[in-house]
**Student:** 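I'd like to ask you about the structure that follows.
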Amino acid sequence: MYALVDCNSFFCSCERVFRPDLKNRPIVVLSNNDGCVVSATKELKDLGIKVGDPYFKVKKICKAKRAAIFSSNFSIYGNMSDRVMNTIKEYSPRSQVYSIDEVFCDLKGVRDIEKHVRMIKQKVLMHTGIPVGIGVARTKVLSKLANHIAKQSSKSKGVVCLTNEELEDIALKRVPISKVWGIGKRSSEKLEIIGIKTAYDFKVYDNEALIQKMLSKVGVQIKHELMGIECFDIADKESAKKTIMCSRTFKDSIVNKDDLKQAISNYINYASLKLRRQGALCTSLSVFARTNAHKIYQPKYYMHEQIKLVNPTNDTRKLISQGVKLIDRGFKDGYEYKKAGAVLGNFFGQSEYQINFLEEQDSVEDQKLMKTVDAINMKIGSDIVRSASCGFDNKVLKIKKNLKSPRYLTSFDELLRFS
DNA sequence: TCTGGGGTCCTAGGACCC
DNA sequence: TCTGGGGTCCTAGGACCC
């Protein structure tokens with residue numbers, strides 16, 4: 001049996017911990033530049049507010065309900081998340097942190113499961129002030145589904161345990177196919193065409209070959225999990241990130257090249273820092289920048305450059321098999337950074353662009369990590385971070401001309417002339 | 001007027017090799 | 001000039017997640 005423990009409106013709950021006076025007030029937390037809703041309390045969700053909604057569209061409802069509005073503060077949420085996860089790990093050693101506010105627990109050996117998970121819920125609330133919901137079932141997909149029901153049903157008091165197949169089927173019939181973990185918009189549209197409307201319909205559908213064709217291997221695995229056949233195990237070691245990205249949308253459009261350069265340099269620094277913290281190497285680095293994708297009738301610009309730093313799968317696998325120890329020279333002496341500079345040079349139309357890597361702003365610990373990079377053997381396969389991306393999203397430039405149809409620009413300079 | 005910032009995995013198709 | 005069959009690796013793009 002697995003439990004999925006999930007924090008209720010996590011970011012909002014965190015804000016509430018520090019502002020007990022907001023106990024009975026609705027809360028929304030907004031994304032960078034206060035653009036989108038990233039967390040909302042239940043009473044607001046019940047009024048139709050969804051995570052991801054642009055704030056300007058839901059502002060009226062929020063005001064009408066006297067909601068408290070917060071800009072997001074991810075360092076606080078990260079901290080609170082650690083505290084929640086540590087509390088849970090005390091009572092459930094084999095667990096997998098799935099996201100900032102969710103964790104799967106293996107309940108093998110637990111006798112009275114419902115009592116045990118209610119105790120966990122209680123302890124987390126006591127130690128951290130964060131309310132959680134818990135779903136229990138035979139597989140991870142089923143426990144997600146149980147958790148989904150726990151959120152909706154007030155009768156459950158935050159805990160739903162599907163301890164036998166009869167209970168499972170009752171639950172599966174209540175849940176629309178689009179709410180099943182791993183079945184998104186596209187897949188549920190396809191499944192509805194062949195008559196699958198609920199999770200139960202999917203479970204008992206007998207043409208697996210068709211599912212494989214429509215949704216690939218993953219679709220079949222999800223179906224099996226609904227049938228109670230385990231396909232997704234708990235990976236209890238916390239695996240290294242395979243991609244690392246730092247991207248931002250600017251509050252005001254950037255029209256100055258130097259500002260853009262400065263921003264890129266900062267993002268590369270931040271992404272590099274995350275890479276070193278995890279003690280990993282990367283095989284490629286990419287940079288992208290684009291105009292506001294929401295303005296469909298204005299000229300568009302999208303630039304993307306990528307460089308490869310090393311090719312572990314080709315070159316090094318052979319050498320490793322011969323017992324050679326490899327060190328990523330590029331990462332050590334900054335050589336690859338120069339190559340990254342050349343990429344940016346292409347973007348800016350210069351022969352070379354020097355990136356200033358502000359190593360001194362890193363902590364002593366980070367600097368040490370940098371140095372021990374020599375000691376890190378080249379790893380292969382999933383232990384390698386495939387890319388560190390540093391990028392921007394929308395609103396890179398302000399474009400004043402109104403065009404009737406989109407026009408694609410080919411260079412940054414051309415775009416500047418437009419603005 | 002105003003629309004986030006991260007991640008994972010799978011597949012098809014092309015390039016290349018013998 | 002004509003032509004097969006097997007394989008690997010890489011990339012782009014799609015779909016999904018929180």
Side-chain angles (χ1 to χ4, degrees), chain A residues 4 6-7 9-11 28-40 49-60 62 69 71-74 77-78 81 96-104 140-141 144 147-148 177-191 212-222 231-232 235 238-253 267 270-271 274 278 283-284 286 288 290-296 304 306 308 311-315 317-318 380-382 385-395 398:
Chain A
L4 174 67
D6 165 293
C7 303
S9 303
F10 182 54
F11 302 158
V28 280
V29 175
L30 303 177
S31 63
N32 182 34
N33 301 327
D34 295 343
C36 289
V37 174
V38 292
S39 183
I49 292 182
K50 291 190 294 292
V51 166
D53 282 347
Y55 178 54
F56 70 88
K57 284 190 180 164
V58 299
K59 203 169 179 175
K60 265 193 183 162
C62 294
I69 318 287
S71 297
S72 47
N73 184 338
F74 282 92
Y77 308 150
S81 173
Q96 177 201 12
V97 175
Y98 175 69
S99 73
I100 193 164
D101 70 336
E102 281 171 284
V103 53
F104 286 102
K140 287 169 85 176
V141 171
K144 264 283 213 187
N147 186 283
H148 175 75
I177 186 65
S178 63
K179 298 290 179 197
V180 173
W181 187 37
I183 304 293
K185 191 165 172 282
R186 303 280 162 170
S187 302
S188 55
E189 279 168 9
K190 287 182 199 165
L191 292 176
Q212 159 83 42
K213 216 171 182 179
M214 286 166 70
L215 308 186
S216 84
K217 180 182 149 188
V218 183
V220 176
Q221 285 176 325
I222 292 170
C231 301
F232 307 128
E238 265 147 58
S239 51
K241 293 275 176 280
K242 293 176 181 173
T243 61
I244 288 172
M245 176 155 69
C246 172
S247 74
R248 292 287 183 280
T249 300
F250 301 118
K251 189 167 175 58
D252 298 310
S253 304
Y267 299 160
Y270 183 58
K274 288 205 270 187
Q278 133 176 338
T283 58
S284 77
S286 33
F288 71 88
R290 70 191 306 179
T291 45
N292 190 336
H294 294 291
K295 301 198 169 182
I296 54 174
H304 183 253
Q306 183 176 36
K308 288 188 184 181
N311 187 342
T313 47
N314 270 351
D315 308 330
R317 196 171 275 160
K318 269 186 213 153
I380 51 171
S382 61
V385 170
R386 292 178 71 88
S387 65
S389 303
C390 324
F392 319 97
D393 207 331
N394 308 324
K395 290 195 288 193
K398 185 185 284 172

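Quick note on labels: first sequence line is chain A, next is B, and so on, each numbered from 1. Note that the coordinates shown come from a computational prediction; the quantities given were computed from them, not determined experimentally.
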**Student:** Remember a base hit wins even if backbone is also touched, and classify A/Y55 as base, sugar-phosphate or nothing at under 4.0 Å, heavy atoms.
**Tutor:**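 No contact at all - A/Y55 keeps every heavy atom at 4.0 Å or more from the nucleic acid.
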**Student:** Base, sugar-phosphate alone, or nothing: which one does A/K185 contact when heavy atoms must sit under 4.0 Å apart?
**Tutor:** sugar-phosphate
**Student:** So what does A/I183 touch, heavy atoms closer than 4.0 Å: a base, only the sugar-phosphate, or nothing?
**Tutor:** sugar-phosphate
**Student:** Measure from the side chain of A/T249, starting at C-beta and using heavy atoms only, and say which of B/dC2, B/dG4, B/dG6 lies closest.
**Tutor:** B/dG4
**Student:** Check the orientation of A/F11 and A/Y77. Use parallel for under 30°, tilted for 30 to 60°, and perpendicular for over 60°.
**Tutor:** parallel
**Student:** When you compare B/dC17 with C/dG4, how far apart are their C1' atoms, in angstrom units rounded to a whole number?
**Tutor:** 14 Å
**Student:** Any protein N or O atoms within reach of nucleotides 11-13 of chain B? Criterion: under 3.5 Å, listing atom names and distances.
**Tutor:**
none

**Student:** When all nucleic acid strands are considered with a 4.0 Å heavy-atom cut-off, which category describes A/D34: base, sugar-phosphate, or nothing?
**Tutor:**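 No contact.
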**Student:** Any cation-pi pair here, A/K140 with A/F104, using under 6.0 Å and within 45°?
**Tutor:**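 Yes, A/K140 lies over the aromatic ring of A/F104.
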**Student:** Let's see if you can work this out: which of B/dG5, B/dT3, B/dG7 has an atom nearest to the side-chain heavy atoms of A/K57?
**Tutor:**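 Looking only at heavy atoms from C-beta outward on A/K57, the closest nucleotide is B/dT3.
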**Student:** With the side chain of A/K144 defined as its heavy atoms from C-beta on, choose the nearest nucleotide among B/dG4, C/dC18, C/dC16.
**Tutor:**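 Output: C/dC18.
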**Student:** For A/V180, which contact category applies under a 4.0 Å heavy-atom criterion: base, sugar-phosphate, or nothing?
**Tutor:** sugar-phosphate
**Student:** Can you see if the side chain of A/S187 gets near the phosphate of C/dC16 - specifically, an N or O under 4.0 Å from OP1 or OP2?
**Tutor:** yes
**Student:** Would you indicate which nucleotide in B/dG6, B/dG5, C/dC18 comes nearest to any side-chain atom of A/C246?
**Tutor:**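 Selected nucleotide: B/dG6.
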**Student:** Paired with C/dA15: which nucleotide, if any, by Watson-Crick or G-U wobble criteria at under 3.5 Å for both distances?
**Tutor:** B/dT8
